[in-house]
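No experiment lies behind these values; they were computed from the predicted model shown. Ligands are counted one by one from 1 in listed order, and the atoms in each one are counted from 1 as well.
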Amino acid sequence: MMQGNIRIKSHRDLRLIYRACQVAGRLLGELGLRIRPGASTGELNEFAEDFIARAGCKPAFKGYQGFPAALCTSINEEIVHGIPSRQRILEEGDILSVDTGAVLDGFYSDTAYTYYVGEGEPKGETAQLLSVTRKALADGISAVRAGAKLNRVSEAIARAVGREGFKVIRDLTGHGVGYDLHEPPTIYNYPVPAGENIRLRNGMVLALEPMVSRGSEDILLGEDGWTYRTTDGSLAAHFEHTVVVWDGKAVVLTEEGNEKARCLFGPVEEASAKT
Ligand code: MG
């Protein structure tokens with residue numbers, strides 16, 4: 001079914017999208033155990049390709065417009081679309097944004113997390129950047145309501161970022177997802193004029209993904225033709241979840257162990273054998 005040019009997912013399809021989402025969410029959890037000083041982004045990608053294949057899925061990003069890997073790995077001032085490499089070694093104090101997705105029987109997921117590399121907790125502005133970006137995603141998810149304008153989500157994200165003195169990266173956006181990696185609508189991380197104001201409906205699947213920096217809101221494309229970085233070299237963070245509008249609100253599909261999503265779209269427990 002279509003709403004404008006936005007595709008509404010059936011419950012049956014959502015069960016498959018949910019499974020693709022859980023593979024990507026679990027992968028981010030597993031990567032968290034392997035991200036440490038001395039690890040290369042290339043070996044993380046090799047782990048990811050193997051993990052996705054063992055789950056019976058394909059990587060959503062590999063081959064997408066020619067992208068060569070299952071993960072986008074973006075370090076420090078890199079915002080998104082970094083290419084994993086055995087030569088890129090993580091150092092203590094780095095932040096690493098990992099963006100990934102899985103495809104199961106043609107159904108897509110998309111999720112991202114920014115990790116602090118090293119012992120202990122991040123400090124100062126790094127800690128603040130990570131918490132503000134995470135909060136922006138949470139506020140965006142909370143703003144999802146069936147019947148409400150999509151702009152409410154954009155406003156919630158922008159407010160969470162702006163009130164702490166950070167900047168959203170304006171040239172990069174969230175999007176619909178599920179039947180393809182990128183579908184309508186475009187989801188801006190700042191309020192837009194009425195023309196983009198579609199109304200949310202149950203069955204819409206959305207990838208919300210604030211990208212945030214301390215300094216510049218402008219982007220620079222690297223020589224590899226993929227990696228976007230901040231123009232002034234300031235750190236950037238990126239968190240993303242795939243959510244579905246269901247029963248009027250957002251249900252997060254890519255969060256590992258999300259109970260509500262599991263109850264709605266998870267495997268049906270086998271009825272106990274009756275004699
Ligand atoms: Mg995305």
Side-chain angles (χ1 to χ4, degrees), residues 6-7 9 17-18 20-28 31 45 48 52 57-74 78-84 96-104 106-115 133-134 136-141 143-144 150 153-154 156-158 161 168-190 192 196 198 200 204-213 219 221 226-229 236-245 250-256 261:
I6 301 169
R7 299 164 85 185
K9 278 73 178 181
I17 292 168
Y18 169 72
C21 284
Q22 285 292 296
V23 170
R26 286 204 310 272
L27 172 57
L28 289 184
L31 287 169
N45 183 66
I52 290 169
C57 295
K58 290 191 179 126
F61 296 1
K62 194 171 184 177
Y64 185 83
Q65 297 179 353
F67 190 77
L71 302 180
C72 295
T73 52
S74 309
E78 296 171 351
I79 308 160
V80 287
H81 303 172
I83 300 174
L96 170 67
S97 161
V98 177
D99 194 349
T100 194
V103 195
L104 177 71
F107 295 92
Y108 285 76
S109 60
D110 193 359
T111 184
Y113 192 92
T114 302
Y115 305 83
T133 312
R134 199 186 282 121
L137 175 57
D139 285 5
I141 292 169
V144 170
L150 176 60
V153 176
S154 302
I157 290 170
V161 173
V168 300
I169 307 293
R170 294 173 73 91
D171 289 342
L172 300 167
T173 64
H175 51 92
V177 64
Y179 296 148
D180 208 334
L181 181 57
H182 294 120
E183 300 175 20
T186 298
I187 305 172
Y188 296 94
N189 291 314
Y190 56 91
V192 292
E196 292 288 340
I198 62 119
L200 296 172
M204 288 183 177
V205 178
L206 310 170
L208 305 185
E209 49 177 323
M211 289 149 273
V212 175
S213 98
I219 59 177
L221 184 60
W226 281 103
T227 313
Y228 285 108
R229 62 185 71 240
H238 177 208
F239 289 86
E240 176 177 19
H241 272 308
T242 296
V243 308
V244 61
V245 189
V251 179
V252 183
L253 300 176
T254 39
E255 185 176 55
E256 201 183 352

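- The line from CD1 of Ile17 to CD of Gln22 is 13.0 Å long, rounded to the nearest 0.5 Å.
- When atom types are taken as modelled, the side chain of Asn45 and the backbone of Leu71 share a donor-acceptor pair closer than 3.5 angstrom.
- Residue side and main chain included, His175 places an N/O/S atom under 2.8 Å of the Mg ion (ligand 1).
- Minimum-distance N/O/S atom of Glu240 relative to the Mg ion (ligand 1): OE2.
- Within the 2.8 Å limit, Asp110 places at least one N, O or S atom next to the Mg ion (ligand 1).
- Of the candidates Val244, Val245, Leu150, Val252, Val245 is the only one forming a side chain to side chain contact (heavy atoms under 4.5 Å, CB included) with Val144.
- Note that the OH atom of Tyr64 and the CG atom of Asp180 stand 6.0 Å from one another [nearest 0.5 Å].
- Closest approach between the Mg ion (ligand 1) and any N/O/S atom of Glu209 involves OE2.
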